[in-house]
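Since the structure comes first, as structure tokens, the remarks are kept for the end.
The analysis underlying the following values was restricted to heavy atoms, covering all of them including side chains, and did not include hydrogens, waters or symmetry mates.
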Amino acid sequence: MNVLLIGSGGREHALAWKIAQSPLLNTLYAAPGNPGIADHANLTDLNVDDHAAVIAFCKDKSINFVVVGPEAPLVAGLSDALRAADILVFGPSQAAAQLEGSKGFTKDVCARFNIPTGAYQRFNNAPKAKAYVREQGAPIVIKADGLAAGKGVTVAMTLDEALSAIDDCFEGAFGAAGTEVVVEAYLDGEEASFFCLCDGKTLLPLATAQDHKRVGEGDTGPNTGGMGAYSPAPVMTPEMVERTLREIIEPTMRGMAEMGMPFSGVFFAGLMITAKGPELIEYNVRFGDPETQVLMMRLKSDLLPLLHACATGTLDQVSAEWSNDPALTVVLASKGYPASYAKNTPITAIPQASSEAKVFHAGTAIKDGTLVATGGRVLNATACAPTVAIAQQKAYALVDSVAWDNGFCRRDIGWRAISRENSGHK
């Protein structure tokens, strides 16, 4: 089949790399793609916000299937436009994408269908939000309701931090995303990411992962879009996976169908494993970044039929096979990230890939014949190995072979899992 992949980040490079291995693939196109994706796909500078242009491109190139990588096109209704034009698409409808597009919507779904999550309130003005925060005390979590590119969440450890986060939202730091704010209870525990394909009526659990959100070593400093990840997440035992499916994912799938917005695509549940069990922090309605990089490295099955089964309602006819070996990815970011950073700094060398180790491009471009860093998160050094510790060594060996003066990374990705390995606890 001819496939169009929407997106340009590290997640999309990992998806392109995996889709390109499928014997079912004829030609892979990517819009807009990046220099790494160009190794696997024909790039097109299609404006993905122009739904009519995307449909025209699909008709012109005989595209059988569209895979939407990022959340913004889903929240903007691209999948609905494609379905209306009889083009098969992987990704939820605009209505179902509210699970990521509105934090408040998700919390209301949790309340309605009894899904475990932190207690919360929604506010559309600062004085009421601040009064509630003063009443609750810190630590507490402040979230901009809408899409804020991974930056709209503040885990406030002090009252002042919480009040200042509320001001940021209502004073426009996150644009339209901050016109409503969700204030929720701080959940204490270990975070994990759980991925599950869904065609509206059937679930296919994928692997688990753990993401390092904070910029500094030892998980310190400001939150980022993710500085590294590994899979599987040791905290997600078979019992915890089973409980997550039963208590969180299945009720969401049933609830969304009952509300007239059946979910088709990938559930990406951000979880906190607390003393009570799994609790939902948030839903995303697309693959994670940088979690996709480690998932694709571990996936032994052909990805394309799995995504296609989601889109055609035939998920009950497929299964996914995973490598037992863990995978780990380290994000190389521009110095200064997540605050301001220099753009278009040259990257002069990237190591060769193997089946167990690869550098994915996240924020790169070619300018005047030179590979340059255009984003905050720029490259993802990813490796698979028999232990997390060896995967970590291999990933950092890749990092050390990259020639880029303006890059930095955390040097402790996977530390929790490695300390568990060293103490004999899997």
Side-chain angles (χ1 to χ4, degrees), residues 99-100 103 106-107 109-111 113-120 139-141 143 150 153-157 182 184-198 203-214 218-220 223-253 266-285 287-292 294-295 298 322 324 326-329 388 391 412-426:
L99 281 173
E100 179 164 4
K103 305 276 193 309
T106 296
K107 295 300 262 186
V109 168
C110 289
F113 298 104
N114 204 22
I115 294 163
T117 188
Y120 76 104
I140 197 159
V141 181
K143 295 180 174 179
V153 176
T154 302
V155 179
M157 301 313 285
V182 174
E184 64 179 64
Y186 171 78
L187 296 176
D188 196 21
E190 192 169 338
E191 275 194 60
S193 303
F194 184 73
F195 296 87
C196 192
L197 294 180
C198 181
L203 294 172
L204 176 66
L206 301 178
T208 62
Q210 207 151 30
D211 176 16
H212 291 268
K213 277 273 184 277
R214 294 189 182 267
D219 297 317
T220 55
N223 264 337
T224 70
M227 293 302 292
Y230 51 93
S231 173
V235 72
M236 290 301 285
T237 59
E239 183 227 4
M240 209 55 78
V241 166
E242 197 271 325
R243 281 190 63 183
T244 300
L245 283 166
R246 188 178 72 240
E247 297 171 22
I248 296 174
I249 312 286
E250 285 170 11
T252 306
M253 176 179 74
V266 61
F267 281 121
F268 164 11
L271 303 173
M272 186 68 80
I273 309 306
T274 69
K276 293 191 286 189
E279 297 196 45
L280 184 73
I281 301 171
E282 64 180 10
Y283 267 127
N284 295 311
V285 299
F287 284 107
D289 191 348
E291 293 97 337
T292 306
V294 286
L295 292 188
R298 289 189 59 221
W322 299 89
N324 290 327
L328 181 141
T329 190
V388 182
D412 64 345
I413 300 301
W415 65 270
R416 272 200 185 92
I418 290 166
S419 63
R420 270 194 171 96
E421 272 182 355
N422 292 342
S423 65
H425 295 297
K426 284 292 180 197

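Smallest separation of non-hydrogen atoms from S231 and L295: OG-CD2, 3.8 Å. The two residues H212 and D219 come nearest to each other via the heavy atoms ND1-OD1, 3.1 Å. Scanning both residues, A391 and L328, for their nearest heavy atoms gives CB-CB, 4.1 Å. Closest non-hydrogen pair, I413 versus A229, comes out as CG2-N, 3.9 Å. Among all heavy-atom pairs drawn from Y120 and A111, the shortest one is OH-CB, 3.9 Å. The minimum heavy-atom distance between R298 and A207, with the atom names listed, is NH1-CB, 3.5 Å.
Here the CG atom belonging to L206 is positioned 12.5 Å from the OG atom belonging to S193, to the nearest 0.5 angstrom. From R416, atom CZ reaches atom CD of E421 across 15.0 Å, with rounding to the nearest 0.5 Å. If you take CG on L271 and CD1 on I281, they are separated by 7.0 Å, rounding to the nearest 0.5 Å. One distance of note links OG1 of T292 with CZ of F195; it measures 5.5 Å at 0.5 Å rounding. Atom CZ of residue F194 and atom CD1 of residue I249 lie 5.5 Å apart, to the nearest 0.5 angstrom. Annotation: the span from C110 atom SG to L99 atom CG amounts to 8.5 Å, rounded to 0.5 Å.
Partners of E279 by side-chain hydrogen bond (donor to acceptor under 3.5 Å, both in side chains), not counting sequence neighbours, listed by chain and number: T274. Residues meeting the ring pair (Phe, Tyr, Trp, His ring centres under 6.0 Å) test with F267, sequence neighbours left out: F263, Y283. For T106, there are no side-chain hydrogen bond (donor to acceptor under 3.5 Å, both in side chains) partners at least two apart in sequence or on another chain.
The closest side-chain heavy-atom distance from V182 to E282 is not below 4.5 Å. Contact annotation: the side chain of P139 never approaches that of V155 to less than 4.5 Å [non-hydrogen atoms, C-beta and beyond]. Counting heavy atoms from C-beta outward, V153 and K143 have side chains that approach closer than 4.5 Å. Counting heavy atoms from C-beta on, the side chains of C196 and L245 come closer than 4.5 Å.
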Original post:
side chain to side chain contact (heavy atoms under 4.5 Å, CB included) between I140 and E184: does it pass, once the steps are laid out?
Top reply: CA-CA 6 Å; I140 197 159; E184 64 179 64; over 6 Å; no

Subject >> side chain to side chain contact (heavy atoms under 4.5 Å, CB included) evaluation trace for E250 with L203 >> reply: CA-CA 8 Å; E250 285 170 11; L203 294 172; 3.5 Å; yes

**OP:** Show your working on side chain to side chain contact (heavy atoms under 4.5 Å, CB included) between R420 and V388 and close with a plain yes or no.
**Re:** CA-CA 10 Å; R420 270 194 171 96; V388 182; over 6 Å; no

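Without hydrogens or angle criteria, T208 side chain to A233 main chain gives a donor-acceptor distance under 3.5 Å. Remark: side-chain polar atoms of T224 are paired, donor with acceptor, to backbone N or O of K213 under 3.5 angstrom. A distance-only check finds a donor-acceptor pair linking the side chain of Q210 to the backbone of E191 [under 3.5 Å]. Listed for the E291 side chain is a donor-acceptor partner under 3.5 Å among the backbone atoms of D289. Checked by atom type and distance alone, the side chain of D412 pairs as donor or acceptor with a backbone atom of G218 at under 3.5 Å. The backbone N or O of L280 sits less than 3.5 Å from a side-chain atom of T117, completing a donor-acceptor pair. Remark: side-chain polar atoms of E100 are paired, donor with acceptor, to backbone N or O of V285 under 3.5 angstrom.
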